[in-house]
Every structure is written in structure tokens, then in C-alpha cells.
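Structure record follows, encoded as C-alpha cells.
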Amino acid sequence: MRAARREAGPAVALGLLAAMAGIGQAICAALALQAALSGAAPRAALWPLVVFAGLALLRAGLGVLMERVAFDTGAAARRRLRSAALGRILAAGPAMLRRHHSAELASVVVDRVEALEGLFARWIPAAILAVLGPALVLLVVLWVDPVAAAVLAGAGLLVPAAMALSGLGAAAAAHRQLAAMTRLQARFVDRVRGIATIVLDGHAEAEARALGRSADELRRRTMRVLAMAFLSSAALDGALAVAIVVLALRYVAALAGGTLEMPGHALMVLLLVPEFFAPLRGFAAAYQDRSHAGPAAEALAALPEPPLAPPALPVRNVAARGVAIAFEDVRFTWDAARGPALDGLSFRVPAGETLILSGPSGAGKSTVLEILLGFVRPDSGRVTLNGADIATLVPSAQARLVGWIGQRPVLFAGTIRDNIRFARPEASDAEVEDAAHFARLDSVAAILPQGLDTPVGEGGYGLSGGQAQRVAIARAFLKNAPLLLLDEPTAHLDPATEAEVLDGLKRLAIGRTVVLASHAAAAHVFAGRRLDLRDGRAAPARGVA
Amino acid sequence: MTALWRIVVLWRPQAGWLLAGVAVSLAALAAALLLMAQSGQMVAAAALGAGLAAPLVLRGLGLARIVLRYGERMATHDALFRALAALRVWFFRGLAVRAAGGLGFRRAGDVLSRLVGDIEALDILYIRIVVPLAGALVLLPVLVWWIARSNVWLALVVGVLFALAAFALPLLAARASWRQGGRIAGAFAALRIACLDTLTGLREVRAFGAEGRMLAIVQGREAGLLAAQHEVAGRAALAGAAAFLAGQAALLAVLVALLFQGDAALAGIAFLVVAAFEAAAVLPRVAAAAGHAAQAAGRVLELADAPMPATHTTSVMPSGSAIRFDSVHFAWSPDRPAVFDGLTLDIPQGSRVALLGPSGSGKSTLAALLLKVAHPGAGRILLGGSDIAALDDSAVRARCAWLGQATHLFRDTIRANLLLGAPPGTAVTDDRLWAALAAARIDEVVRALPDGLDGWVGEGGQGFSGGQGRRLALARALLSDAPVLILDEPCAGLDATTEREFHLALNEAAAGRTVVLIAHRLVGVERLDRIWRLSGGRAVAAAG
């Protein structure tokens, strides 16, 4: 926060200069008015008007400069915060997705960081200027008319008092409003993803109405925030009106009674009233920036701390010979209500060999793979790769060791070629095409309008389930890691394609350690030890296949 | 700009609220102007030794200004949010009508950005453009008339300057920002897509060690957004400065006139001019962002308002549910190879058929055609003897329950997920839900949850294994009364034992319905009347 205040320095200096120019203008205008009302020769009032015009030009220039500076400050802050937020989520890894909707996380990174823009760009300079600007005006008024200065100071003090009162309620309401906003977004992304299901079941109308209800709820919550926030603006309007009415009545009475010798002073004070309130008005406008920023800052603070980087130990024998794996009494629970996923599992896979995990769905096959992928850490027990505990591996080192083909590959926005190259961005075109050929993607690409450069959309539109899976296989081939994890890679393929892909996977498996989770009978083509999982434990061994 | 106008037209049902907001705003503006003019004139008159104006009026105006400003803010914001909510729902409906086949090439992140971001970008349309513009339109003649009572020439000068600040400058700024092409909205959508891509694919990102790359992509998109925002902010600052100078010039003109004329009314006018230009000052700045709003409006309309093929359909239910494909020809797009080329296929009412074929042979396309998600290029599809092209989409879909590869589990309770399968508006007892769950062999899992039917399903069915998710989706399909059950690879991702159990359950649960089972292979326990094999765009009878 202190750093943020220092960053606001240039904006504050420019703001003060503009305030001084404003005071100068009010003085010039009052001098001209007085000259006119006292019937002086027009020539006598010429110089105040010239100065007035010059100061107007100066103020306009200062205003433009100030906005530039404010934008740059806000942009720098957003850049810093957004990278930090995304970095934290990436460090926490896929386990985050079990607790948060991806749209919810995206909204933190995109919208909540955006909501902090005003805090840095406007709130901090405005908060400082709200004290210094009126003080400057007050000094000038004090010199002219001490009573008017007292009136102004009193009206000015009304503003922060009312703001603090309404701000307390506004902060809580802003919190609820942002929660409603995030819920609406998550709900909408989820419904849009499944819109085919909704439409085919004939529920589009009901869902549209439900969406209308949540939008309406959002409106009501937002209005509650605004009802409080607008109270502080009303307090400002009130203070301004009180100051003008009180001062006008005072001067009218004084003039009528003949106790005011300098009518020009009265006009000057009246003209200075808007200048006095202008910084406070800027402060009130920025106050909403601040109340939006509070919950947004909380959401950012709620992101998990990046885990302490374990000391990077070299993994022995990581060459093409493969990696030896050992699970020793490993336990892991996703959700206490559903019981442990792994319940004291132990097994060993020597380097270069294949392990086939079988068992009914929910037996813990995917959990074994997620531990090996480094997505989650075991609750207890030890998992080693080449004798090194995976708890001592940095995530990036673990990721380098592992190739992975899951059940439902995510295809990113871009072409098929981009999606293959995702595995190894520095790969040459020839290498990418090799991988495509290996996964039998080239025959798919041949009939597509733009071949490998065909774009794929949400969930891989334009590619069938089997074709998307082949992209994942091409990725694994391109990555060329010593440990290959296969999570039911052929579940969506027809027997002919499955046989082809299995053949390719067998070639890919040569010289690598492979862990294959599968219940498809076709997995028998893999020669290797079978491990039958039941309720997170190894069922009695049935020997080597 | 026509897009903006169309959005305004869409708001017709909210016109009452919106107009009320404008009316309150005009009243507040009048109070503010009168307060300034009155107090200035009073002081000037007193300085000249003229009589006292009524201080009571001044107090009343002060109070009215406060109350009306508060009322204006509440009224305009409430009206705005009503209009925006209506727009959201309209957008979803439009999307639902056009997007039954899934999102196609549109990314969910992009759609999200459109709904939330673009629709919100339209908020400046009402509060910051329509309302102040209405104020300025009323203000200009009043201002000119008021000043002309004292000095016609001055009225002319101030009027021209006011028109410059309130109309000409905003128009110039709007045209410049329009030319800039709504880069902000595009940059925002790009940033959101990059973030959503990274976070949805967090597993892939981690498995391929792509954290640094994805972060770099997001930072690149952010830089694009900041650059676009920087340009708009710079332009807004310039427009604001120009409007400020117009106001100052007007004030200067009043002061000069005052020097030559020495009229107390002109002193009041000086205060009036200050207040009037302050009210109009918001317009040029907002106009610099109007291009953004116009683009947002265009994008919202483009998605939810795309032309639909004109159809003449009837909601008359066909008498039976026999299905016949009659020489159907279909390709997803003209530049892609035909999926079906003269497909002819008979599925008698109440029969159970399997359609087999390798991936890419058009198995899922067949379901899409039958559900009217896609339309045949040539040939006819008959349901109960009527061409489905002549039937309402909803009538066809009410007859055909669908369990597809892409069947989505929503982030909601198990109950809400199941109820999607039941015909809309019907009451379904818990017993029926449990029966469907039992038929899909998932009841034990649900019973074991602490919240039972009110247990929560995570994103994309998380919290459940792949097999459990499929069985939940099956239970949903079984809840429907539809006489035709289309099962598109219902067992993908299930283990052999569960798959076998699933089919045994299906044999019982779907008794009396027409079952169309689409798969790449059979397990062997399915009870089937007929098996078709799809190849070369046609169906070939395999066995019976």
C-alpha cells in the first residue's frame, strides 16, 4: 500500500497544480465580475480575463496528463496482479479444479483483477487529493473571509463522515454483489457448455427463465450496493447545496445591511465553492472503485500460496531406459464423505516395464495416475521415481518425465497442428507431422478442408471423440517422455481404430515405463504385469498376463 | 450504430422504467441549474443594491437538488439493470434456438464474455449516453432562451459552444472510436478465452509442463487489452479536455459581455453556464467509449440473432414412432465430404436396433439428423409416417430421448440434473427418480452420499467417476416418457462389468420403447431386433 501511495505521487502533484489553476481562475473571474458590477471601464478588467483564459488552457493540459499517468499506474498494477493470480493457480495445479469451476477461476483472473484497476488508477490519488485540494481552497477563503471558511470546512467534513457511515454498509453489500456476479457467470458457462443437452431435453425455456431469475437477483443485490453508495454521493450533493445556500444567504444579508465592503470577495467565495468540492467529488466517484476492490482483493488473497519449491534433486537414470516406480502404502482421500480413493496401496514397476491397472470405475485407477502426474500429493505413504521421493521433485521436473493420454483430452483454441505442438513448442513442422502420422491423424487431416491447420473449437468440434484422442496420442508421441501414463486411451475408439492405436502405443511403449489404466479387453494386447484394484487396494494378484 | 439502435428497440418492454429514469434525471438537472442561477443572481443583485429574492426558493431548490439527484441515480440504475437482465435472457434464448448442435467453433469463454462483458458494456448506452443526451437536448434551447433575454449575441455564442461540447465533440469522438473497431471487446474476449483455456485444460497444462507458456500467452493477450484501453483512455482524456475548454470559453464570453453590459442577470448566467457545461461534460468522454459499446451490441446481436432457416412446421404429434430414413444425403459443410449418401434405414416402432460403425462413419450425425439438430441436404426422415422437416423441433424431441457422448452433467444437484430428463413442467416423485437411478445401476452410489438426491455434481460431472457420470446421464434419459430412446455410445468409458450390467438394465428399463443403440461394437448381452452397419455413407444390414 505504501508503494502504491508512492506510485500515486505524480498524479497527486499534477492534481494540486490543477487545483491551484482553478483557484487562480476563480480569483480572476471574481475580479472581472466585481469590475463589471462596479461599473469600471472594460479595459480595467482585461488582464484578469487574459489570465483566466491562460489558466483554462493550463488546466486542460494538466487534466490530459493526469489521466495518462493514472492509466499507466492502473495498468502496471493489473499486469502485476494478474500474473501473480494466474501463477498461483498454475502452481496449485489441477487439484484446484475439484474445488472450483474453471469459469470461477477465470473470472478471478480476468474480472476481479480488472475490478482493481480503479483502486490504483483513481482511488489512491483521489484520496490524497481529497485532503490536499480542499485544504488549498480553504486557505485562500480563510484569507478573504474566515466565516465563509468555517462554513466550507464544516460542509466539507460532512462528506467523509457520511461516506464512512454508508461505506460500512456498502462494503458488505459489494461483497454479496460480487458473489452473485461470479455465480451468474459460472452458471452461464456451465449452461452454455451443456446447451445441447438442455435444448434436446426441451428445457431451454425453463433455463432461460432461471437465468432471468438469477439476473434479477443480481440486479436486486447491485441496487442494494448502489443505494448505499449513492448515499455518499447524496451527502456530497447535500454538503454542496448547504454551502451555497448558507453562503449566498450570508452575503445577501451582509450586502443588504451594508456590512460587506468588498462584494468581489463574496463572488469569489461563491465561485470557489465548486472548486472546494471538486476533489471531494472525485473522491466520491473513486469510492466505488474502492468498495469494488475490497472483495476482489479478498478473492485474490484466497488463492493458495505457491507451494514451497522442494530442493531440486537430480533424478537418476532418466535416460531412454525408463523410470522405475514404487508406491509404498499410499493413502489418498478426495472427499471424506466418499471414503478413501487409495487405501494403503503398494506396488512396484521396474524401469521399462508395463503395468496394467484394472478394476471397476471408482477403484482408484485415475487417482494412481494423478499422483504420478503430480496433480495431487499422497496423504501418507511414499511414491518414488527411480528411488527419488516425488515429494522432493519440482513440478516441472516431474512433468518432464511423464507423457499422458487421458480419457477426454482438452483441445485448446487453435489448429490441430497447434494442439499437437502443445506437447513441445520447439518441435519442427516435420516432427509435428511425424507425430500426426504416428497417431494416424494424417489420414484424418487429409479429408479436412485445411488439413492439420484446421481450427478446432469448443470441446473439439469438427473432430470426433476418436480423432480428438488421436491428437492426444500425437502429443504424447511428440513429447517423448520416459514414463507413459495411459488413462483408458482407447475407450472411445472403434475396434479397427483401437487396434491401430494400440499398435502405435505399443511401439511408443518400447523402452519406456508404462502405466495403463484400462478395463477394455483390448488392453490385453499389452504385455505386462496386471494390478487389479478394488476400493483403493490391490486385489489378490492374478499373475503375469 | 444500427446495432445500438436495435438494442434500444429490444428494450421496448422496459420503456416505462427507462423513460421514468430520464424524467427524474431532467427534474434533477433543472433543480441544479436553478439553484446555481438563483444564488448567483441574488448575490449580484444584492451587490447592485437591488431587492432581495426569496431565500425560501433557494432552500427549496437546494433540498430538491439533493433528493432528485439521489432519485435519479436509483431510478436510472434500476431501469438499466432491468433492461440488461432482459437482454441476457433474450440472448440465452436466441442461443438455445440456434445452438442445439453444441457450440461449434465458438468457444464457451467467448460466449461468456459476450453475455457478461458485452451486455455490461451496453450500460453506458443508457445511463451515460441516452440520459445525458436527453438532458443536453432539453438544456440547449432553455439556455439560449434564458441568455437571449439579456443578450442575443451572447446567447448565440454560448449556444454554439454548448452544441460543440454536447453534440459535435461527442460525435467526432464516437466516430473515431468506431473506426478503431471495438478492439477492447475483442481483446477482452481473447484474454478471457486464453484464461478459460488454460484453466479448463489445467491437467494438460501441468502434464506438459506448459505453465510458463500459458502464462506468456495470457500476458500477451493482456498487453493487447491494455494497449486498446490506453488508446481509448487517451482519446477520452482529449475529448474531455476539449469539452472543458468549450465551457471555459463560454464562461469567458459571459464575463466579457458582463464587462460591457453590467447587468446583474448576466452574473446569474455565469453561474448557470458553469452548471450547464458541467452536466454536458460527460458526453464527449463517453462517446470515446461508444465505439466499444456499439461493437459489443453488434457481437451480442450477431450471436443470438443469426438468421434461422425459414420452416413451416406443425406441432401435430405424429401418430406412431416408427422411424424411416429415405435416401438421405448429408454433409456438415459443402467443403467437407458427405457423411451420408443415400442412406435408407427402417426402424419399426418398438424395435431395438443397433447402428455400428467406426469413428467418423456418421453414427452421431445420424442422431443429430433424427433430433433435427442438423437437416438433410436431400431425402426425407419420417417419424410415425410424417416428414420431421414438417414437425416442430420440440414435437420431435419430445418423442426422442437422447443420451449422447456429449451429454452434459450440470453443476447442480443430482435431483436437478435428473429432472432435466423429465418433460418440462411435470411433477416427478422421488420414487420415480430412485427407480430411474436403480435402472441405471447408480442408486447405491447416490444413496451413499450424505445428501442423497440433493448431493452436488461438480463441473463436467466431477465428483463422480466417468462410469458413474454416464450412468447418471442414463438415469436422466430413462426418466423421459419419450417412446424413442437414442443412445449414442452410452458405455464409452465404462468398464466391461459395468457395461454388461448397463445393457442388462437397459433390456429391462426400456421395454416397450424403440431403442436406437449407436456404438462402435457390441458387448453381446444386448437384446436386439436388428443390427445395421454404417459404411460408405449407407447402412448395411449386419444380422438380425
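Proteins come first, then strands; the chains are lettered A, B, ... in the order of their sequence lines, and each starts at number 1.
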Let's test your reading of the structure: which of Leu49(A), Val109(A), Leu485(A) forms the most heavy-atom pairs below 4.5 Å with chain B? Leu49(A)
Any chance you could measure Ile244(A), atom CD1, to Arg65(B), atom CZ, to the nearest 0.5 Å? 7.5 Å
Just wondering, do Val110(A) and Leu196(B) contact through their side chains at under 4.5 Å, heavy atoms? no
Measuring only between side-chain heavy atoms, which start at C-beta, is Phe271(B) closer than 4.5 Å to Leu271(A)? yes
Tightest non-hydrogen contact, residues Ala237(B) and Val64(A), listed as O-CG2, 3.7 Å
Okay, side chain of Tyr70(B), backbone of Ala235(A): is any donor-acceptor separation there less than 3.5 Å? no
Is there a side chain to side chain donor-acceptor pair (under 3.5 Å) between Gln25(A) and Gln248(B)? Walk through the geometry before answering. CA-CA 10 Å; Gln25(A) 279 194 301; Gln248(B) 297 288 301; 2.5 Å; yes
With a 4.5 Å limit on heavy-atom distance, are the side chains of Val245(A) and Leu35(B) in contact? yes
Quick one: does Arg209(A)'s side chain get under 4.5 Å of Arg93(B)'s, heavy atoms only? yes
At a heavy-atom separation under 4.5 Å, does Gln229(B) approach chain A through its side chain, its backbone, both, or neither? both
Could you measure the distance from the CZ atom of Arg203(B) to the CD atom of Glu370(A)? Nearest 0.5 Å is fine. 5.5 Å
Interatomic distance, Met223(A) atom CE to Arg82(B) atom CZ [nearest 0.5 angstrom]: 9.0 Å
So, do Ile66(B) and Leu240(A) sit near enough that their side-chain heavy atoms are less than 4.5 Å apart? no
To the nearest 0.5 Å, atom CZ of Phe208(B) lies from atom CZ of Arg475(A) at 5.5 Å
Interface check, chain A: of Arg213(B), Glu211(B), His230(B), most non-hydrogen pairs under 4.5 Å belong to Arg213(B)
Can you name the nearest heavy-atom pair linking Ala233(B) to Glu67(A), along with the distance? O-OE1, 4.4 Å
Chain A contact via Leu245(B) - side chain, backbone, both or neither, heavy atoms under 4.5 Å: side chain
Under 4.5 Å heavy-atom distance to chain B, tell me which part of Ala29(A) shows up: side chain, backbone, both or neither. both
Which atoms form the tightest heavy-atom contact between Val89(B) and Gly212(A), and what is the distance? CG2-CA, 3.2 Å
Chain B contacts, top residue of Glu207(A), Arg424(A), Arg78(A) (heavy-atom pairs, under 4.5 Å): Arg78(A)
Ala236(B), Ala401(B), Cys400(B), Ala207(B): which one forms the most heavy-atom pairs within less than 4.5 Å of chain A? Ala207(B)
Using a cut-off of under 4.5 Å for heavy-atom pairs, which of Ser83(A), Ala234(A), Ala56(A), Ser366(A) has the most such pairs with chain B? Ala56(A)
Identify which part of Val256(B) has an atom lying under 4.5 Å from any heavy atom of chain A, answering side chain, backbone, both or neither. both
Got Met214(B) and Phe412(A) here, is their nearest side-chain heavy-atom distance under 4.5 Å? yes
Out of Asp78(B), Val218(B), Leu63(B), Leu191(B), which one racks up the most heavy-atom pairs below 4.5 Å with chain A? Asp78(B)
In terms of heavy-atom contacts, Gly87(A) and Leu215(B) come closest through N-CD1, 4.3 Å
For side-chain contact (heavy atoms from CB on, under 4.5 Å), just list the numbers for Phe422(A) and Val205(B), CA-CA rounded to whole Å, side-chain angles, deciding distance to a tenth of an Å, and then say yes or no. CA-CA 9 Å; Phe422(A) 181 78; Val205(B) 169; 4.1 Å; yes
Side chain, backbone, both or neither: which part of Ala206(A) has a non-hydrogen atom closer than 4.5 Å to chain B? neither
Could you state the interatomic distance from CG (Leu373(A)) to CD (Glu204(B)), rounded to the nearest 0.5 Å? 10.0 Å
Of the backbone (N, CA, C, O) and the side chain (C-beta and beyond), which part of Ala422(B) lies under 4.5 Å from a heavy atom of chain A, both, or neither? backbone
Least distance between heavy atoms, Ala91(A) atom then Arg206(B) atom: O-NH2, 2.9 Å
Counting heavy-atom pairs closer than 4.5 Å to chain B, which one of Pro48(A), Ala32(A), Gly238(A), Ala70(A) comes out on top? Gly238(A)
Does Arg400(A) reach the main-chain N or O of Gly209(B) with its side chain, forming a donor-acceptor pair under 3.5 Å? no
Max heavy-atom pair count under 4.5 Å with chain B, selected residue of Ala60(A), Ala106(A), Ala241(A): Ala60(A)
Name the option with the most non-hydrogen atom pairs under 4.5 Å to chain A; the candidates are Thr198(B), Leu419(B), Leu226(B). Leu226(B)
